[in-house]
Structures are given as structure tokens and as C-alpha cells.
Trainee: 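Here it is, the structure in full.
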Amino acid sequence: MNSKFVSVATAAIMTVAAGAANAEPQAEVLHWWTSGGEAKSVAVLQQEFDGRGGTWTDMPVAGGGGDAAMTALRARVLAGNAPTAVQLKGPAIQEWYEEGVLADISSVAKANGWADVLPPSIANHMKCEDTWCAAPVNVHRIDWIWANADVLSRNGIKMPTTWAEFNAAAAKLQAAGVTPLAHGGQAWQDATVFEAVALGIGGADFFQKAFVDLDPATLKSDTMVKVFDQMRTMRGFVDSNFSGRDWNLATAMVMNGEAAFQIMGDWAKGEFLAAGKKPGVDFLCASTPGEGFLYNVDSFAMFSVDGKDKKDGQLLLAELIVGKNFQKVFNLNKGSIPARVDVALDEFDSCAHTSAKDMADSNKGGSLLPSYAHGMALRGAQAGAITDVVTAHFNSDMSSADAVKMLADAVANSL
């Protein structure tokens, strides 16, 4: 063979190899963090990734519940062009794993001791059989009630500790011309209020049996009728323009004093903080009436991709997500608390300290529960069946008894 040809070919191969070896980590990240506080939070991760030599391609899909993002994801996966990392959580992670499209990131998890710093219940959500396939970002509490401090003070109202107190406060506010409950008429927001009401009225054992175990007797129970009765009462406390409103716009109603309360996960706190509001001064936080703690863990699942640059990007992204610095900075912005148990909370506000204490107490007391409304407790078909009934009831004159019958039938048909 011509020696000149060999030397040229060898040089070309070495150039390609060097290029591959020096390829920067790449990550295309699909998420639905598009509101002010959320966008600020995800920007922290992007900056850390860029700072480690990576190239981040952002793929935000608006919609607080993530439904639109999941539609976009399925289209990408079916086209054989999955993103590098996708905001996923709960049983949805295992559903995608069963379709054979998730990557194994166990090497990062083991190298960084994830099993030692994550609560077992949270770690279990991140595993696919014996492998790690997702990285947890935080722990959100769902059953929060937020309030405009000035509105409550001017109307002589304290944060309610029972649903009867909430109803009385709401009636008083309504008489004063204030919208009692800021709410967005989207199915996932209806479900958020519903599960907080259900936990408060029925208790932890009731919630476990109804929305984790899907026990038919519990779904048909008199207690469930009472839950729908309270939802009917809540429907009378929202304004007439609630239909289709995004959750962060409902939060803004509380901020500007147009409404008094909002029942929403602690990402709402991220909106207050992003607007320069101070907890205990401008806004108040408390668990919704009743005992227990409903959690939602944001996480990123890593999808099978081709190319060393993308695979390296996944591993770097996973390392950063569970790293102490990101866990702290992200959650300070987002309103949640770190998934890691070894992150100091010195810089966190009073609401976060309340959340961390309540989570620890609920974990010991057996009332730490996965949110059904936010995809932590059930697979999509069952969760969707429940939410369909909840939102149908909330937006009609359906009786509580009819709603309970429809609920039991819908769950049975979804199994």
C-alpha cells in the first residue's frame, strides 16, 4: 500500500479519534419549568453544566402538570430521537423503563454514594429494577395552603387549621369582596385541591387505601362522599374566571391581594420569592387542614442515546443534579427542599424548615404519602381515571354520591 496514503489515512483516523475524545458533553433537556421561579431554578443547572464544559440544549414545554411535555416526549421517542434527559417522576419512570428506552446511570449513583444520602422511599422511585435510571432534584410538598398576609390581617382571619375554619374564613372574605380561593381550572389543579382535601378529611390510612392501594370499599365509602361535599363547597369560593388559568397566575392573585388563599405545592413559594415577597411578612404558609404529608419528587430520567458526547452529558448531568450545591441552590429558588438529607438548611426560609420537619415527622408516623395528583402514587391510567371524575364533579352540579359511584367505576375500569 502507498505509504503516503497510509500516513494520510492514519492522520485522518487520529483526528477523528481526537475529536471524539475531546467532544464536549451534550444534553438536550426536556422539562416543563417555564414559570418565573421555575425558569430561574432550571437555569442554575444549565449554568453548572456549562461551567463543566457541557453544551445544554433547552427544550421547555409549557404546562404545569407536564401533560404537554409527555406528549412531546412520546413523539420524540417514537421518532427514534429521544432527548438526553427528561423531567419524569414516580411510576412514569418505570413505565418508560418497561418500554426499553431508559439508560443506566448506576455508575454515577455508586460513585457519588446516592444510596447513603437519599431517603429510601425517594431512592426507590429512581431505580428501575436493580439499576439507577433517574436522578432526584427535590422534595415538593403538595398539601400547602398559601395566603396573602395583609388580606388575612385586614379581615381578622388566621390561617385555618380545620376545613370548617377554612369555610368560615372563605365566607367572611367573600362577604368582604375578596376571592377566597385562587384557583386555575385545569384538571391537575383540581386534583391537587382534591387530594389535599381527601388527606385532611380522611387521614393517612384513608388516603393510602384510596389513592395508593385503590381499595374499592374505601373509594365507595361515606368518607369519600364527605370529600366530594367539601369540594363542592370549595367550588363556591373560586372566581368566575378560573377556567383554564395557569397555576402561577392564581399565585399572582394571592400576591396582589385579589385572592386570599391558594392550595398548591410549594413551587408556589418559588413565585412569591421570585417576586421579592417574604414569608411570614407578605405571605403565609401552612399545611392544609389535617395530618400527613403529600410528596412530589421532581427528577430527571435519562433516555438511551447514541454518541459518547450525549452519554457523557447524561452522566455529568446526573452528577450535578444530585450534587450538594445544586440541591441547595435549586431548592432555594424552587421553593422545595433537597432530596439529599445531608444538605444544610441554614439559608432556607421558615416554610422550608416547616416542610423538612413535617416530612421527618410524617415519615416516622407513617403519614408520608406519595401524591396521586402529581404522578407519584399511581400509573397514568389510574390517576387519569380519578382526575377525570374529580374535574367533572368540580365543573358541574354532580352530586357527591354520584361522583363517588363514578369514581369507583372509573378506577375499576382502568385496572
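We're numbering straight along the sequence, starting at 1.
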Trainee: I'd like to know if the side chain of Gln87 reaches the main chain of Trp32, judged simply by a donor and an acceptor atom lying under 3.5 Å from each other, with no hydrogens or angles considered.
Mentor: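 Here the side-chain-to-backbone pair exists.
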Trainee: Please find out if less than 6.0 Å separates the ring center of Phe300 from that of Trp33.
Mentor: yes
Trainee: Looking at Pro370 and Val212, what are the two nearest heavy atoms and their distance?
Mentor: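 Minimum heavy-atom contact is CG-CG2, 4.1 Å.
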Trainee: Using the rule given for side chain to side chain contact (heavy atoms under 4.5 Å, CB included), can you reason through Leu214 versus Gln382, listing the C-alpha separation, both sets of side-chain angles and the distance that settles it, and then say yes or no?
Mentor: CA-CA 9 Å; Leu214 300 177; Gln382 289 71 51; 3.6 Å; yes
Trainee: Can a side-chain donor-acceptor contact be found between Asp229 and Ser400 if the only test is distance below 3.5 angstrom?
Mentor: yes
Trainee: So how far is it from Cys351 SG to Trp146 CH2, rounded to the nearest 0.5 Å?
Mentor: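 The distance works out to 5.0 Å.
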Trainee: Check the surroundings of atom CG in Asn124: do more than 12 heavy atoms from other residues, nucleotides or ligands lie under 6.0 Å from it?
Mentor: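 Yes.
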Trainee: Between Lys405 and Asp409, is there a salt bridge with N-O shorter than 4.0 Å?
Mentor: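 Yes.
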Trainee: Within the structure provided, determine whether Leu219 and Val404 are in side-chain contact (heavy-atom separation under 4.5 Å).
Mentor: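 No; the side chains remain at least 4.5 Å from each other.
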Trainee: In sequence, state the C-alpha distance, the side-chain angles, and the governing distance for Met398 and Met406, and then conclude on side chain to side chain contact (heavy atoms under 4.5 Å, CB included).
Mentor: CA-CA 10 Å; Met398 184 189 305; Met406 183 183 290; 3.7 Å; yes
Trainee: Take Ser41 and Glu38 through the test side chain to side chain donor-acceptor pair (under 3.5 Å) and record every step on the way to the result.
Mentor: CA-CA 5 Å; Ser41 300; Glu38 293 173 327; over 6 Å; no
Trainee: Is a side-chain donor or acceptor of Asp213 paired with a backbone partner of Asp215 at a separation under 3.5 angstrom?
Mentor: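 No, because the side chain of Asp213 does not come within donor-acceptor range (under 3.5 Å) of the backbone of Asp215.
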Trainee: Mark yes when over 12 heavy atoms from residues, nucleotides or ligands other than Asp205 sit less than 6.0 Å from its CG; otherwise mark no.
Mentor: no
Trainee: Could you tell me which non-hydrogen atom of Val411 sits nearest to which non-hydrogen atom of Ala385, and how far apart they are?
Mentor: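 Val411 and Ala385 have their closest heavy atoms at N-CB, 4.4 Å.
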Trainee: Between Arg340 (side chain) and Asn138 (backbone), is there a donor-acceptor pair under 3.5 Å?
Mentor: no
Trainee: Has Gln208 got a side-chain atom pairing as donor or acceptor with Ser367's backbone, closer than 3.5 angstrom?
Mentor: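 Checked: no pair found.
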Trainee: How far apart are the closest heavy atoms of Phe303 and Pro83, and which atoms are they?
Mentor: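 So the minimum-distance heavy-atom pair works out to CB-O, 3.4 Å.
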Trainee: So do the side chains of Val254 and Val151 get within less than 4.5 Å of each other, counting heavy atoms only?
Mentor: no
Trainee: Using a 3.5 Å distance criterion without hydrogens, assess whether the side chain of Ser336 forms a donor-acceptor pair with backbone atoms of Val139.
Mentor: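 The answer is no, because no donor-acceptor pair under 3.5 Å joins these two groups.
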Trainee: Do Phe49 and Phe326 make a side-chain contact, defined as non-hydrogen atoms from C-beta onward lying under 4.5 Å apart?
Mentor: no
Trainee: Do Glu258 and Asn148 have a side chain donor and acceptor closer than 3.5 Å?
Mentor: no
Trainee: Could you check, using the six-membered ring where one of them is a Trp, whether Phe207 and Tyr372 have ring centers closer than 6.0 angstrom?
Mentor: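 No, ring centres 6.0 Å or more apart.
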Trainee: So Leu102 and Cys133, do their side chains get closer than 4.5 Å, heavy atoms only?
Mentor: yes
Trainee: More than 12 foreign heavy atoms under 6.0 Å from CD of Glu291: is that the case here?
Mentor: no
Trainee: Output yes when Arg52 and Glu24 qualify as a salt bridge under the 4.0 Å nitrogen-oxygen rule, no when they do not.
Mentor: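 Glu24 and Arg52: not salt-bridged.
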Trainee: Grab the two heavy atoms, one from Val305 and one from Thr84, that are nearest each other, plus how far apart they are.
Mentor: CG1-CA, 4.1 Å
Trainee: When rounded to the nearest 0.5 angstrom, what is the spacing between CG in Leu368 and CG in Asp358?
Mentor: 10.5 Å
Trainee: When you measure from the side chain of Asp266 to the backbone of Lys269, do you find a donor-acceptor pair of N or O atoms at a distance under 3.5 Å?
Mentor: no
Trainee: Got more than 12 heavy atoms from elsewhere within 6.0 Å of CD, Glu99?
Mentor: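 For Glu99, atom CD is crowded (more than 12 foreign heavy atoms under 6.0 Å).
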Trainee: Quick check: are there more than 12 heavy atoms from other residues, nucleotides or ligands sitting under 6.0 Å from NZ of Lys127?
Mentor: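 Enclosed.
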Trainee: Of all the heavy-atom pairs spanning Ser299 and Met126, show the shortest one and how long it is.
Mentor: CB-SD, 3.6 Å
Trainee: Could you grab the distance from atom OG1 of Thr391 to atom CH2 of Trp188, nearest 0.5 Å is fine?
Mentor: 12.5 Å
Trainee: Is there a side chain to side chain donor-acceptor pair (under 3.5 Å) between Glu48 and Asn325? Walk through the geometry before answering.
Mentor: CA-CA 9 Å; Glu48 285 203 1; Asn325 183 64; 2.5 Å; yes
Trainee: Taking Gln327 for the side chain and Val137 for the main chain, is one N or O donor matched with an acceptor at less than 3.5 Å?
Mentor: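 It does hold such a pair.
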Trainee: What is the minimum heavy-atom distance between Gln94 and His125, and which atoms define it?
Mentor: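 Nearest heavy atoms, Gln94 then His125: NE2-O, 3.5 Å.
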Trainee: Using only atom types and a distance under 3.5 Å, with no angle test, would you say the side chain of Asp309 pairs donor to acceptor with the backbone of Gln26?
Mentor: no
Trainee: Hey, which of Asp190, Ile263, Asp239, Thr192 is the one that makes side chain to side chain contact (heavy atoms under 4.5 Å, CB included) with His183?
Mentor: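 Among Asp190, Ile263, Asp239, Thr192, the one that satisfies the side chain to side chain contact (heavy atoms under 4.5 Å, CB included) with His183 is Asp190.
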Trainee: Using 0.5 Å steps for rounding, measure from the CG atom of Asn363 to the OH atom of Tyr295.
Mentor: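 The CG atom of Asn363 sits 9.5 Å away from the OH atom of Tyr295.
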Trainee: If you round to the nearest 0.5 Å, how far is CZ of Phe211 from OG1 of Thr218?
Mentor: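 Between Thr218 OG1 and Phe211 CZ, I get 9.5 Å after rounding to 0.5 Å.
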Trainee: Apply side chain to side chain donor-acceptor pair (under 3.5 Å) to the pair Asp58 and Gln46, showing each step before the final yes or no.
Mentor: CA-CA 9 Å; Asp58 207 35; Gln46 181 174 349; over 6 Å; no
Trainee: With a 4.0 Å cut-off, would you call Glu271 and Lys40 a salt bridge?
Mentor: no
Trainee: Just by modelled atom types, is the Asn241 backbone N or O under 3.5 Å from a matching donor or acceptor in the Arg245 side chain?
Mentor: yes
Trainee: Are the side chains of Asp298 and His31 in touch, meaning some heavy atoms are under 4.5 Å apart?
Mentor: no
Trainee: Apply salt bridge (Lys or Arg N to Asp or Glu O under 4.0 Å) to residues Asp361 and Lys357 and explain how you reach the verdict.
Mentor: CA-CA 6 Å; Asp361 291 345; Lys357 181 182 184 303; 2.7 Å; yes
Trainee: Parallel, tilted or perpendicular, judged at 30° and 60°: which one describes the rings of Phe228 and Phe194?
Mentor: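 Ring orientation, 0 to 90° scale: tilted.
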Trainee: Is there side-chain contact between Leu294 and Arg141, with heavy atoms separated by less than 4.5 Å?
Mentor: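 Contact flag for Leu294/Arg141 side chains = no.
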Trainee: Can you check side chain to side chain contact (heavy atoms under 4.5 Å, CB included) on Phe348 and Asn331, steps first, answer last?
Mentor: CA-CA 9 Å; Phe348 285 74; Asn331 287 294; 3.8 Å; yes
Trainee: Please report the C-alpha distance between Phe261 and Phe237 in whole Å, then the side-chain angles of each, then the deciding distance to 0.1 Å, and finally whether the ring-ring contact (aromatic ring centres under 6.0 Å, His included) criterion is met.
Mentor: CA-CA 10 Å; Phe261 298 113; Phe237 296 144; 9.6 Å; no
Trainee: Are any side-chain N or O atoms of Gln189 and backbone N or O atoms of Gly184, one a donor and one an acceptor, separated by less than 3.5 Å?
Mentor: yes
Trainee: If you measure from CD on Glu195 to OG1 on Thr387, what distance do you get to the nearest 0.5 Å?
Mentor: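 Going from the CD atom of Glu195 to the OG1 atom of Thr387 covers 8.5 Å.
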Trainee: Test side chain to side chain donor-acceptor pair (under 3.5 Å) on Asn296 and Ser371; report intermediate values, then the result.
Mentor: CA-CA 6 Å; Asn296 171 30; Ser371 161; over 6 Å; no
Trainee: Do the side chains of Trp56 and Leu317 get nearer than 4.5 Å, heavy atoms only?
Mentor: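 Sidechains of Trp56 and Leu317: in contact.
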Trainee: Would you mind reporting whether Val322 and Pro136 have side-chain heavy atoms less than 4.5 Å apart?
Mentor: yes
